[in-house]
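Accompanying notes for the structure given below.
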Amino acid sequence: MLNKNVEGILNAQINKEFYSAYLYLGMSAYFEQLGLKGFSNWTKVQAQEEMEHGMIIFNYVQERDGDIELQEIEKPDNDFQNPLQVFEKILEHEKEVTSNIERVANLSEDECDRATRHFINWYISEQVEEEAQVLDVIKKIKFFGTDCTILYHLDKELEEREYKSSNYPNK
Ligand code: FEO
């Protein structure tokens with residue numbers, strides 16, 4: 001049986017993961033409008049990953065005989081101005097998600113819920129990877145400035161990203 005406080009924070013995290021998917025989908029649509037197909041692809045793949053993150057928690061709560069309580073998904077930010085600004089927003093967002101995940105880890109420790117503490121470890125590692133990937137794109141955009149040729153090549157690079165189902169253990 002899942003501890004009620006832990007159940008609550010996991011339900012909140014399901015909502016945050018689906019909000020993330022919405023946020024990335026909006027970004028993907030923005031890049032598509034600009035004709036930046038690679039940037040659009042990258043953010044769309046990320047949206048798929050976020051939905052999977054939400055589903056893994058959803059399945060875990062059920063596996064622990066917890067109650068699922070779905071909340072309203074907030075309208076995502078859509079104030080997008082240029083690729084650098086969007087990726088800076090992504091980094092800011094992912095840092096916030098990292099803090100949320102750390103709160104899940106801390107609460108599961110406080111409640112002596114070792115299973116959830118173990119479960120959330122994968123998300124801690126995933127956040128390290130996500131922040132690093134985003135920072136890599138930001139550095140490239142900043143380094144190459146407004147050189148359109150380089151932006152074109154970066155767009156091509158981001159077009160290669162493919163959605164792969166998560167390697168979450170025991171999924
Ligand atoms: Fe599911 Fe981007 O964190």
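Both backbone and side-chain heavy atoms feed into the values below; hydrogens, waters and symmetry mates do not. Every number for a ligand or one of its atoms is a count from 1 in the order of the listing.
With hydrogens and angles disregarded, a donor-acceptor distance shorter than 3.5 Å links the side chain of Asn15 to the backbone of Glu72.
Between Trp122 and Tyr60, the distance from one ring center to the other does not fall under 6.0 angstrom.
Residues Arg161 and Glu49 are paired through a salt bridge, judged by an N-O separation under 4.0 Å between the basic side chain and the carboxylate. Ion pairing between a basic and an acidic side chain is recognised when a charged N comes within 4.0 Å of a carboxylate O; Asp155 and Lys37 show no such pairing.
Closest approach of Met55 to Phe18, counting heavy atoms only: SD-CZ, 4.0 Å.
Classified by interplanar angle (parallel below 30°, tilted 30° to 60°, perpendicular above 60°), the ring pair His53/Tyr123 is perpendicular.
Counting only distances under 2.8 Å, and ignoring water, the protein N, O or S atoms around atom 1 (Fe) of ligand 1 are Glu17 OE1, Glu50 OE1, His53 ND1.
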